[in-house]
Student: 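Here it is, the structure in full.
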Amino acid sequence: MFKEERDSAKFEWSMIGDINEGRPNLGAVMDVAVYRLMQFTMRDVMIQKYGVEAADSLLFDAGELAGKEFCKALVTPTDDINDFVKQVQGLLKDMKIGIVRVEQFDPETMKIILTVAEDLDCSGLMLCEETVCTYDEGFLSGLLTQHTGTNFKATEVDCWCTGARVCRFEVQPAA
């Protein structure tokens, strides 16, 4: 049996394939429920096998890799942070991932507080008193890390599942 064991990430954007060629009738759009089915069953199995901390770590790391590759593949490099944010906002809205708004930005510390409305991961879920967007934390960390060349860390501070109607993230250079 062939195993793909490795010590470093192999994923790159081209591995997503040619969706138009492969799905000429169904296209690139699918129901959010299918995405959540995959994500939450995968998280559930990871928790059963490895525990919550390991599952969250894996989801964060996967999101971080996705954010870096997303940035490399789809965001036009720019030195203007406002242009970068506008590009990301447009892409995430066009791809129906979520609606991003920057609430605060400190150019000296590079700390950003942003919200994601209609978030792909959790908008519409029932209350559970915990933030659940660990993959998104990694994704945002990866985006900013790839764009700036500095390691960033995103932390979700409000979530649909905690009663907020947007997900709010604090994103800042990693310590």
Side-chain angles (χ1 to χ4, degrees), residues 8-9 11-13 16 32 35-36 38-40 42-43 46-47 51-125 127-175:
S8 60
F11 178 82
E12 57 185 44
W13 194 260
I16 290 174
V32 171
Y35 168 82
R36 289 182 181 178
M38 181 191 67
Q39 181 178 17
F40 290 121
M42 200 173 336
R43 183 175 190 270
M46 286 190 291
I47 288 171
V52 172
E53 190 174 314
D56 283 347
S57 177
L58 290 167
L59 285 169
F60 183 95
D61 291 351
E64 185 174 38
L65 176 59
K68 288 177 181 177
E69 292 300 322
F70 182 95
C71 188
K72 281 195 264 186
L74 302 177
V75 178
T76 302
T78 178
D79 291 332
D80 183 348
I81 190 72
N82 292 317
D83 184 45
F84 171 75
V85 169
K86 285 179 187 174
Q87 286 187 65
V88 169
Q89 286 173 317
L91 287 164
L92 296 183
K93 185 175 181 184
D94 291 348
M95 296 177 90
K96 301 183 183 347
I97 295 170
I99 300 169
V100 176
R101 290 192 176 86
V102 176
E103 290 187 335
Q104 293 178 15
F105 173 64
D106 183 340
E108 289 189 26
T109 63
M110 294 297 287
K111 181 177 179 180
I112 305 165
I113 298 177
L114 59 86
T115 61
V116 182
E118 299 185 40
D119 180 64
L120 184 60
D121 288 352
C122 72
S123 293
L125 292 179
L127 293 178
C128 66
E129 299 183 19
E130 64 179 306
T131 59
V132 299
C133 300
T134 309
Y135 182 88
D136 293 354
E137 289 175 330
F139 185 82
L140 293 168
S141 298
L143 271 174
L144 270 292
T145 296
Q146 182 63 39
H147 172 70
T148 64
T150 300
N151 286 331
F152 271 77
K153 172 90 162 113
T155 304
E156 187 177 29
V157 295
D158 288 313
C159 182
W160 181 281
C161 292
T162 62
R165 287 303 173 241
V166 295
C167 295
R168 182 169 286 106
F169 298 87
E170 290 182 1
V171 188
Q172 57 194 335

Student: Please examine the side chains of Ile112 and Leu140, heavy atoms only from C-beta on, and report whether any two atoms are closer than 4.5 Å.
Tutor: no
Student: Atom CD of Gln39 and atom SG of Cys133: how far apart are they, to the nearest 0.5 Å?
Tutor: 8.0 Å
Student: Please name the pair of heavy atoms, one in Cys159 and one in Cys122, separated by the smallest distance, quoted to 0.1 Å.
Tutor: SG-SG, 3.7 Å
Student: Would you mind reporting whether Lys96 and Leu120 have side-chain heavy atoms less than 4.5 Å apart?
Tutor: no
Student: Compare every heavy atom of Thr162 with every heavy atom of Leu127, then report the nearest pair and how far apart it is.
Tutor: CD2-C, 3.9 Å
Student: If you count heavy atoms of other groups shown closer than 6.0 angstrom to CG of Asp79, is the number above 12?
Tutor: no
Student: What are the two closest heavy atoms between Gln146 and Lys72, and how far apart are they?
Tutor: NE2-CG, 3.3 Å
Student: What pair of heavy atoms forms the shortest contact from Pro173 to Thr109, and how long is it?
Tutor: CD-O, 3.4 Å
Student: Leu91 versus Val75: any side-chain heavy-atom pair under 4.5 Å?
Tutor: yes
Student: For residues Met95 and Leu74, determine if any side-chain heavy atom of one lies less than 4.5 Å from a side-chain heavy atom of the other.
Tutor: yes
Student: Can you give me the closest heavy-atom contact between Asp121 and Tyr135, atom names plus distance?
Tutor: OD2-CB, 4.2 Å
Student: For the pair Phe70 and Trp13, name the ring-plane relationship: parallel under 30°, tilted 30 to 60°, perpendicular over 60°.
Tutor: perpendicular
Student: Taking the side chain as every heavy atom from C-beta outward, state whether Arg36 and Leu125 have any atom pair closer than 4.5 Å.
Tutor: yes
Student: Rounded to the nearest 0.5 Å, what separation is found between the CD atom of Glu118 and the CG atom of Leu92?
Tutor: 12.5 Å
Student: Between Ser141 (side chain only) and Ala154 (backbone N and O only), is there a donor and an acceptor less than 3.5 Å apart?
Tutor: yes
Student: Measuring only between side-chain heavy atoms, which start at C-beta, is Arg165 closer than 4.5 Å to Trp160?
Tutor: yes
Student: So, taking the atom named CZ in Arg43 and the one named CG in Leu59, what distance separates them when rounded to the nearest 0.5 Å?
Tutor: 6.5 Å
Student: Kindly confirm or rule out a cation-pi arrangement of Lys68 over Phe11, judged by NZ or CZ under 6.0 Å from the six-membered ring centre and within 45° of its axis?
Tutor: no
Student: Roughly how far apart are Gln87 CD and Cys71 SG, rounded to 0.5 Å?
Tutor: 8.5 Å
Student: Can you tell me how far apart OG1 (Thr155) and CZ (Phe169) are? Round to the nearest 0.5 Å.
Tutor: 9.5 Å
Student: Carefully, step by step, assess Leu144 and Phe84 under the rule side chain to side chain contact (heavy atoms under 4.5 Å, CB included).
Tutor: CA-CA 9 Å; Leu144 270 292; Phe84 171 75; 4.2 Å; yes
Student: Between atom CE of Met110 and atom CD1 of Ile81, what is the distance when rounded to the nearest 0.5 Å?
Tutor: 4.5 Å
Student: Is there a side-chain contact between Lys111 and Gln104 in this structure, where contact means two heavy atoms from C-beta onward sitting under 4.5 Å apart?
Tutor: no
Student: Would you check if the side chain of Thr134 reaches a backbone N or O of Phe60 as a donor-acceptor pair within less than 3.5 Å?
Tutor: no
Student: Please give me the minimum heavy-atom distance between Thr78 and His147, naming the atom from each residue.
Tutor: O-CE1, 2.9 Å
Student: Would you call Phe139 and Val116 a side-chain contact if the rule is heavy atoms closer than 4.5 Å?
Tutor: no
